[in-house]
Trainee: 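Let me give you the structure first, and then I'll get to my questions.
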Amino acid sequence: VNSMDLLSHVARAVNCRETPLAWLPLTPSLALARVCELMYRWFGLPPLLTRAEVCKVGVHHTFSYEAARRDLGYVPRYGSHEAMKRVALTLAQRYCPSRGAKQA
């Protein structure tokens, strides 16, 4: 499961744009986040972006349950696509009820 695929499902579930308005490479993103953090430290302005957030979304994360299947005999109840849709819908209903959560 790719984390960006999951985020796309969540965005659809809460009626948001699936893709970012602009793409910025990792290094400039980290520099911009550092400036935001310094603005918080110096002036108390809440940071719009932090280095931790950049690191979370600036790298593609892919997850596999193959080890659990092999070592523990795990069999998923749903396929990856259906599971992501269900997670997205649950998150949308729980955290964004005012956004009009819909079936992802």
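Scope of the values below: all heavy atoms of this structure, side chains included, with no hydrogens, waters or symmetry mates.
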Trainee: Mind checking the NZ-OG spacing from Lys85 to Ser80? Nearest 0.5 Å is all I need.
Mentor: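 Here the interatomic distance stands at 13.0 Å.
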
Trainee: Looking only at atom types and distance, does a side-chain atom of Ser29 sit under 3.5 Å from a main-chain N or O of Leu24, one as donor and one as acceptor?
Mentor: yes

Trainee: In a check of side chain to side chain contact (heavy atoms under 4.5 Å, CB included) between Val54 and each of Leu32, Thr27, Leu26, which one passes?
Mentor: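 Among Leu32, Thr27, Leu26, the one that satisfies the side chain to side chain contact (heavy atoms under 4.5 Å, CB included) with Val54 is Leu26.
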
Trainee: Would you say that Tyr74 contacts Pro76 through its side chain, given a criterion of any heavy-atom pair below 4.5 Å between the two side chains?
Mentor: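 They are in side-chain contact.
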
Trainee: Please determine if Glu37 and Arg34 form a salt bridge, counting it only when a charged side-chain N lies under 4.0 Å from a carboxylate O.
Mentor: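 Yes.
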
Trainee: Can you tell me if CG on Leu45 sees more than 12 non-hydrogen neighbours from other groups inside 6.0 Å?
Mentor: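 For Leu45, atom CG is crowded (more than 12 foreign heavy atoms under 6.0 Å).
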
Trainee: Going by an N to O cut-off under 4.0 Å, is there a salt bridge joining Glu82 and Arg86?
Mentor: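 Here Glu82 pairs with Arg86 in a salt bridge, since their nearest N and O are under 4.0 Å apart.
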
Trainee: Say whether Phe43 and Val35 are linked into one hydrophobic cluster, either directly or through other cluster members, by side-chain heavy-atom distances under 4.5 angstrom.
Mentor: yes

Trainee: Can you get from Val57 to Leu49 by hopping between Ile, Leu, Val, Met, Phe, Trp and Tyr side chains that sit under 4.5 Å apart?
Mentor: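 Per the 4.5 Å side-chain linkage, Val57 and Leu49 are not co-clustered.
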
Trainee: Does Thr50 offer a backbone N or O that forms a donor-acceptor pair with the side chain of Glu53 under 3.5 Å?
Mentor: yes

Trainee: If you take all heavy atoms of Cys36 and Pro47, which pair is closest and at what distance?
Mentor: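 Cys36 and Pro47 have their closest heavy atoms at O-CB, 3.9 Å.
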
Trainee: In chain order, what residues pass the side-chain hydrogen bond (donor to acceptor under 3.5 Å, both in side chains) check against Arg69, with sequence neighbours excluded?
Mentor: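 Checked Arg69 against side-chain hydrogen bond (donor to acceptor under 3.5 Å, both in side chains); matches are Tyr65.
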
